[in-house]
Amino acid sequence: MDKILDGATRARAELPPPGDERYDRYCEALADVLSSGWADVLAANATDVAQGTRAGLGPELVDRLALGKRHLDALVDLIARTRVALPTVTAPTVGHRAGNGATVRRLPKPLGVVLMIFEARPTVTVEGALLPVAVGNVAILRGGTEIAATNQALAVASAGR
């Protein structure tokens, strides 16, 4: 764990500031990677679903594990909406005068390193790789063992970029 945290801390120091155009390019690349590697993600996901069924997971949980075309469409849409929102959510506000004469304005600052621990929802892997990172954070994602093959396929697809 120390190695992961040290790597995240080093990565955080190298990130561009919020609002940098590289975050828009990151979003675009993430959508491309998902779309081009979706067949591999679905194959890995079928392995997770089959393993979950064999392990006796309930039908509701198995249903949460399963991915399909609608999930890709929803994730690509989320990425597109994020790209549209980035300039607004990462820009400082002009500011206004408070009653005491001070100027008040919003200056967005990343949290730094975000740790997300989640279980049987493979879409959260993509959401976790998108939302915190697009606004200037490093994300450490820890998905449950129920989606291990799916997460591995997502990681391999992303590493190819």
Side-chain angles (χ1 to χ4, degrees), residues 1-57 61-68 71-72 74-83 85-87 89-92 106-161:
M1 186 56 138
D2 287 339
K3 185 178 177 181
I4 292 170
L5 291 174
D6 288 343
T9 302
R10 279 192 307 279
R12 174 64 195 109
E14 296 173 12
L15 286 177
D20 189 282
E21 67 183 30
R22 288 173 278 187
Y23 292 111
D24 182 69
R25 290 196 311 262
Y26 169 78
C27 292
E28 181 180 18
L30 183 59
D32 290 347
V33 162
L34 276 178
S35 297
S36 65
W38 195 246
D40 293 336
V41 171
L42 289 179
N45 183 251
T47 300
D48 287 337
V49 169
Q51 187 170 346
T53 302
R54 281 193 305 276
L57 297 179
L61 186 56
V62 170
D63 186 53
R64 277 192 282 170
L65 295 175
L67 291 174
H71 295 98
L72 174 61
L75 291 168
V76 169
D77 180 63
L78 175 64
I79 294 167
R81 288 184 289 127
T82 300
R83 288 179 74 189
L86 278 178
V89 300
T90 59
R106 181 177 58 93
L107 294 170
K109 297 289 182 190
L111 296 171
V113 178
V114 177
L115 170 63
M116 293 178 63
I117 301 172
F118 54 98
E119 292 185 353
R121 294 203 184 264
T123 56
V124 173
T125 304
V126 178
E127 294 161 355
L130 170 65
L131 299 171
V133 174
V135 293
N137 297 290
V138 172
I140 300 172
L141 307 175
R142 174 60 172 100
T145 57
E146 308 90 353
I147 56 173
T150 304
N151 282 342
Q152 181 64 33
L154 287 166
V156 167
S158 297
R161 279 299 257 192

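Remember, it's a predicted structure, so these values are computed and weren't measured experimentally. Quick note: residue numbers are just sequence positions, from 1.
Within the 4.5 Å cutoff, side-chain heavy atoms of Met116 are placed close to those of Pro132. Put simply, the side chain of Thr123 does not reach to within 4.5 Å of the side chain of Phe118, judged on heavy atoms. Side-chain contact check for Asn45 versus Val49: some heavy-atom pair is nearer than 4.5 Å. Contact annotation: the side chain of Leu57 approaches that of Leu65 to within less than 4.5 Å [non-hydrogen atoms, C-beta and beyond]. A heavy-atom distance below 4.5 Å is found between the side chains of Val76 and Ser35.
The minimum heavy-atom distance linking Ala8 with Ile140 is given by the pair CB-CD1, 3.9 Å. Of all non-hydrogen atoms in Leu34 and Ile79, the two that sit nearest each other are CD1-CD1, 3.9 Å. Residues Cys27 and Leu86 approach most closely at SG-CD1, 4.0 Å, considering heavy atoms. Taking both residues in full, the closest heavy atoms of Thr90 and Gly19 are given as OG1-CA, 3.3 Å, listed atom of the first, atom of the second, then distance. Here the shortest heavy-atom pairing between Pro92 and Leu107 reads CB-CD2, 3.5 Å. The two atoms that bring Ala139 and Gly128 nearest to each other are CB-O, 3.5 Å, heavy atoms only.
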Steps toward side-chain contact (heavy atoms from CB on, under 4.5 Å) verdict (Val135, Val89)
CA-CA 8 Å; Val135 293; Val89 300; 4.3 Å; yes

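Test Thr125, Val126, Leu130 against Leu75 for side-chain contact (heavy atoms from CB on, under 4.5 Å) and you get one pass: Val126.
Taken to the nearest 0.5 Å, the CZ atom of Arg25 stands 13.0 Å off from the CG atom of Asp32. Glu21 CD to Asp24 CG: the interatomic distance, rounded to the nearest 0.5 Å, is 8.5 Å. In this structure, the separation between CZ on Arg121 and CG on Leu61 is 9.0 Å, given to the nearest 0.5 Å. Here the straight-line distance linking atom CD of Glu146 with atom CD of Glu119 works out to 5.5 Å at 0.5 Å rounding. Remark: Leu30 CG to Thr82 OG1 distance equals 9.5 Å, nearest 0.5 Å. To the nearest 0.5 Å, atom CG of residue Leu72 and atom CG of residue Asp77 are 11.0 Å apart.
A donor-acceptor contact shorter than 3.5 Å links the side chain of Asn137 to the backbone of Leu111. Looking at Arg106, its side chain does come within 3.5 Å of a backbone N or O of Ala91 through a donor-acceptor pair.
Taking a cutoff of 4.0 Å between a charged side-chain nitrogen and a carboxylate oxygen, Asp6 and Arg10 do not qualify as a salt bridge.
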